[in-house]
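Structure first, commentary second.
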Amino acid sequence: MKKNCPIGVFDSGVGGLSVFSQLVKLLPNENYLYFGDTKNLPYGDKTKEELIEITSKIFDFFKGKNVKAVIMACNTTSALTYETLKDKYDFKIYPVVQNVAKQIANEGHHNIGVFATQGTINSHAYKNEIQKYNSDINVFEIACPQWVQIVENELQDDKKSIENIKQHLDEMLKNKVDKIILGCTHYPYLLQTLSKFTPENLFINPAKYFAHSIIDDLKTNDLLNNEKTSEPIFFVSSNPPQFISSSKLFYDVKTAQEILIG
Ligand code: DGL
């Protein structure tokens with residue numbers, strides 16, 4: 001695998017840009033390809049079989065681009081497809097849930113909350129992964145099915161959205177949690193709203209943890225690039241203008257190409 005091959009990053013939409021923006025800051029010399037699967041969004045209510053089919057097509061697309069690694073920025077696909085697909089490709093695959101859960105399990109917390117999509121919550125991936133490393137930690141999981149659409153459609157300041165966000169937060173706070181993982185790539189977009197009701201340092205944005213662990217692994221495997229040869233390229237499966245507009249909070253995407261995969 002050549003060091004100067006690109007790194008692929010994917011998510012169902014703009015959410016993965018929270019991971020992408022961290023990576024670009026920490027590893028500016030890499031060539032990045034970002035795929036936002038806006039046509040199939042939301043992933044959170046899809047079955048495991050549907051997501052395996054979708055993720056396989058995205059991996060095939062990246063394979064055609066000769067990537068050295070693919071970053072599964074999406075929690076839902078990490079939770080539901082990583083185990084099935086992890087050995088089927090010859091590039092490195094980094095899943096967010098498994099990476100982040102391992103780090104959080106070793107931070108000395110007793111009660112951890114997880115906000116995530118219905119798919120991630122039903123899989124109990126965060127709970128299982130965290131308790132694999134420390135079975136004494138209590139993990140409280142709550143699905144927030146409306147939050148992805150709130151972010152994609154920039155509705156975070158709507159009265160109804162704020163009520164919905166507060167309702168899930170109140171339910172979670174009953175568990176006296178030490179930290180709450182924002183276990184969907186879109187949710188860090190809601191940090192400003194969430195922190196109106198409780199201190200911001202209660203929340204964990206997995207993107208920060210994730211980027212550091214990816215860098216460590218690329219270094220260990222001698223896969224870090226020395227010299228960037230291309231600016232990041234953004235692909236979406238539908239509606240590039242909406243993707244560009246919603247992207248602004250995490251990364252200023254200027255252009256995105258619409259592409260059909262599979
Ligand atoms: N952004 C994805 C995640 O991290 C899924 C959002 C969705 O499309 O439902 O779970």
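For reference, positions follow the sequence shown, starting with 1. Read the numbers this way: they start at 1 and go in the same order the structure lists the ligands and their atoms.
In the candidate list N75, V151, V97, N75 is nearest to atom 3 (C) of ligand 1, counting heavy atoms.
Side chains of T120 and T117: a donor on one and an acceptor on the other come within 3.5 Å. Checked by atom type, the side-chain pair D37/S12 shows no donor-acceptor distance below 3.5 Å. Judged by distance alone, the side chains of S18 and T185 never bring a donor and an acceptor atom under 3.5 Å apart. Between S245 and E154, the side chains place a donor N or O and an acceptor N or O closer than 3.5 Å (distance only, hydrogens not considered). A donor-acceptor pair shorter than 3.5 Å cannot be found between the side chains of N239 and T38.
Among all non-hydrogen protein atoms, the one lying nearest atom 9 (O) of ligand 1 is G44 N, 2.7 Å. Nearest protein heavy-atom contact of atom 1 (N) of ligand 1 is T185 OG1, 2.4 Å. At the top of the distance list for atom 7 (C) of ligand 1, counting protein heavy atoms only, stands Y43 N, 3.2 Å. Closest to atom 2 (C) of ligand 1 among all protein heavy atoms lies C74 SG, 3.2 Å. Summary of contacts: the protein heavy atom closest to atom 10 (O) of ligand 1 is T76 OG1, 2.6 Å.
Of the N or O atoms in T120, none lie within a sub-3.5 Å distance of an N or O in ligand 1. Ligand 1 has a nitrogen or oxygen under 3.5 angstrom from a nitrogen or oxygen of D11.
For ligand 1, the atoms closer than 4.0 angstrom to any heavy atom of S12 are 1 (N), 5 (C), 6 (C), 7 (C), 8 (O).
For the pair F20 and F250, the minimum side-chain heavy-atom distance is 4.5 Å or more.
Here the OH-NE2 distance, from Y43 to H186, works out to 10.0 Å after rounding to the nearest 0.5 Å.
Counting heavy atoms under 4.0 Å from ligand 1, residue P42 touches it through both backbone and side chain. Contact annotation for V148 and ligand 1: only side-chain heavy atoms (C-beta onward) come within less than 4.0 Å of the ligand.
For the pair C184 and ligand 1, a heavy-atom separation below 4.0 Å is found.
With salt bridges taken as basic N to acidic carboxylate O contacts below 4.0 Å, none links K174 and D170.
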